[in-house]
Amino acid sequence: MSDVSETAERSPETFGTAPDQRRNGSSVLSRAATMFLKQREASVLAIAVILFIYFATTTTAFVSHGSIVNIAQFMAPYVVIGIGLVLLMVCGEIDLSVGFVWMLSPYVMHFFVDSGIPTFLAIVITILLLAVVIGGINGVVTTVFGVPSLITTLGSGYIIFGYALTISSAQQINLPPESLGLGRWFGGAPWSEIIWATVLVVIFQIILTRTRWGLYTVSVGGNLLGARESGIRVNRIKIGNFMMCAGLGALAGILEAFKNNIIDPSAGQLAVVLYALAGVVIGGTAMLGGSGTMIGLWLGVLVLAILQDGFNLRGISSNKFQIILGAAILLAMIANTYLTRLRSAGRLQSKA
Amino acid sequence: MSTPETGDVAMTTPKADDILRVEHISKRYGAVTALVDVNLRLGRGEVLGLIGDNGAGKSTLIKIICGFQPPTSGRILLNGEEVHLTSVTQARSLGIDVVYQDLALIPQLTVYQNMFLNREQVRWPLLRNRSMRKAAKEQIDAIGITTLKSVDLEVASLSGGQRQAIAVARSVYSDAKVLLLDEPLAAMGVKEGAAILDLVRGLKDRGISIIMIAHNYGQVLEVCDRVNLLQGGKITFDKYRQDTSLEELTEMVVSEYRKALEDRHRSASGTITGS
Ligand SMILES: Nc1ncnc2c1ncn2[C@@H]1O[C@H](COP(=O)(O)OP(=O)(O)OP(=O)(O)O)[C@@H](O)[C@H]1O
Ligand SMILES: [Mg+2]
């Protein structure tokens with residue numbers, strides 16, 4: 001948030017410390033390095049690049065069209081729900097139910113299309129309905145009744161789970177044939193889902209850092225009482241973010257249904273939430289609220305996708321992959337904490 | 001000398017043009033009664049010092065006047081008319097602004113973001129960061145906070161006194177008519193404290209009416225026109241500065257303390273003989 005101007009403020013000092021040619025060269029380098037490290041997203045970007053180079057040089061077919069498409073398709077839905085999770089974590093909450101919204105939403109869309117509503121409208125109505133109803137209930141129970149959101153959304157998640165199983169009889173169903181044309185724009189075509197995910201990341205990064213809503217979201221997570229004392233309507237901010245998270249879950253479910261060309265009761269659920277959370281925290285969003293980044297999320301999920309794709313191509317079984325995934329989460333977090341410490345040390349130094 | 005148990009304490013006479021009047025305010029938090037029956041007036045352009053022990057209810061009273069929380073009973077008159085304060089934002093629109101004891105700053109936001117929190121400049125949908133940053137810089141320079149390197153620093157990285165200065169600065173530039181300062185000097189060094197006192201005098205010269213809470217009676221007498229003591233949930237002392245002195249204020253509080261000690265001693269020995 002403060003990068004631009006802090007850099008500007010620092011530059012005269014940096015020039016001042018470079019009296020002779022030789023030191024000048026190294027100071028430009030170190031300035032570039034400091035600027036890079038100052039970005040919260042720097043560490044996870046570095047990890048992604050290193051992993052990419054590693055697999056590109058050691059694994060055949062990693063840098064092929066099929067493999068890249070695979071990475072893109074794999075990461076897209078986690079990025080979409082991860083956006084909602086970042087919003088909630090920044091304001092100090094969490095949503096475990098979003099994976100069950102993902103599971104439910106294509107069935108709801110199917111119902112609306114069956115009732116004669118055009119596909120596009122059906123998608124919009126589904127997203128808005130689930131956002132308002134499920135996000136609203138999660139938000140109100142959490143803020144008004146004071147139930148911790150981990151518990152609220154655990155409960156609501158089970159309810160949605162049971163409801164989705166009941167209305168679907170736990171059966172796969174085909175997408176409505178009349179929806180398939182538009183469905184290409186909603187995950188059906190190979191690149192469409194990652195485009196959705198990326199555009200949404202850009203939009204929500206701007207919302208988080210450049211709008212009043214984002215400022216208040218950070219405030220609520222950073223100092224709840226202080227935000228309330230400043231006159232911010234903190235419950236409204238939290239409920240709104242619960243709604244956005246549920247809406248993004250609904251979108252992810254629909255995108256996945258069109259991508260897989262089937263509506264499947266085993267889609268989504270808790271596993272996808274945990275996976276997306278891994279991406280969120282690897283990306284540098286604080287567990288305790290008050291700070292977060294959408295671009296970091298995108299990169300964090302990319303790291304997971306590279307690992308998945310790379311080890312898959314090397315013939316590692318998906319059972320063993322869980323171990324690698326767990327280790328990756330821990331290593332990335334350690335690297336992150338370490339780099340953050342370096343970064344703040346650098347800042348203190350430059351102030352002195 | 002006033003006694004805490006009487007309802008008919010010698011009070012200063014209300015004036016017709018008092019900007020703020022608080023009448024029969026009480027506040028209960030569940031079983032805790034913080035304020036019993038507070039009557040308080042603030043003259044136009046006056047600086048009122050509010051003193052009292054820890055837990056006397058000073059902050060509670062401030063939070064009622066600034067719209068943060070409703071009183072259990074009682075009413076507030078602004079310019080002689082009763083107002084129903086429903087939120088901090090509404091109170092601010094009526095011209096009442098506040099510096100909280102806990103400062104209400106967001107550690108993860110920068111100095112200028114904190115200074116404009118909930119009063120942002122917006123060109124929808126985006127914040128006008130550049131213009132807010134510039135204004136914040138000017139305000140900080142204008143009130144003479146010299147130790148602050150940049151308005152782009154995160155508040156988390158500032159010292160306690162710097163934070164307090166920022167919290168004061170943001171209320172000072174809010175074109176408030178009534179300013180409530182809850183211990184604005186608590187974290188200040190001698191020099192910074194003097195600067196804040198100068199600031200308070202400057203605000204008074206601009207015609208702003210101020211209620212200031214402080215524990216240092218010397219500082220209170222330095223800037224305040226009048227002093228009120230909050231004790232047992234009521235205002236038990238109300239005098240103009242020229243009618244009181246540091247000795248009187250100190251003596252009043254210390255004698256109160258001695259009496260409490262004696263009471264405790266007496267009741268303790270009473271329990272022993274009784275058992
Ligand atoms: N939100 C709250 N819930 C319950 N009790 C509260 C709350 N806020 C204050 N109190 C109680 O009300 C009483 C008055 O507290 P208050 O903060 O107004 O005191 P104060 O005069 O500002 O003290 P200090 O000088 O320490 O700041 C205390 O007994 C406190 O425990
Ligand atoms: Mg207090």
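Below, chains carry the letters A, B, ... as their sequence lines are ordered, and counting in each starts from 1. This is a predicted model, so every value here is computed, not measured.
Per-residue counts of heavy-atom pairs under 4.5 Å with chain A were compared for B/Val122, B/Asp102, B/Val151, B/Leu105; the largest is that of B/Asp102. Comparing B/Asn129, B/Val88, B/Val98, B/Leu127 by heavy-atom pairs within less than 4.5 Å of chain A, the highest count is held by B/Leu127. Contact count versus chain B (heavy atoms, under 4.5 Å) is highest, among A/Val220, A/Asn223, A/Ile232, for A/Asn223. Ranking B/Asn114, B/Asn118, B/Leu103 against chain A, the residue ahead of the rest is B/Asn118, based on heavy-atom pairs under 4.5 Å.
No more than 12 heavy-atom neighbours from other residues, nucleotides or ligands sit within 6.0 angstrom of CZ on A/Arg233. Counting heavy-atom neighbours within 6.0 Å of B/Tyr29 OH, excluding the residue itself, gives a total above 12. In this structure, A/Trp213 places its CH2 atom where more than 12 heavy-atom neighbours from other residues, nucleotides or ligands lie under 6.0 Å away. Within a 6.0 Å radius of CD in B/Glu81, other residues, nucleotides and ligands contribute 12 heavy atoms or fewer.
Contact annotation for A/Ile206: only side-chain heavy atoms (C-beta onward) come within less than 4.5 Å of a heavy atom of chain B. The part of B/Arg92 that comes within reach of chain A is its side chain, from C-beta onward, which places non-hydrogen atoms under 4.5 angstrom from that chain. Contacts of A/Arg228 with chain B are made by both backbone and side-chain atoms, with heavy-atom separations under 4.5 Å.
Separating the OG atom in A/Ser230 from the CZ atom in B/Phe68 is a distance of 9.5 Å, to the nearest 0.5 Å. Of the inter-residue distances, the one linking B/Glu120 atom CD with A/Thr211 atom OG1 reads 9.5 Å to the nearest 0.5 angstrom.
B/Pro107 approaches A/Gly222 most closely through the heavy-atom pair CD-O, 4.0 Å. Nearest heavy-atom pair across B/Leu109 and A/Ser219 is CD1-OG, 3.4 Å. Of all heavy-atom pairs between A/Glu229 and B/Ala104, the closest is OE1-CB, 3.3 Å.
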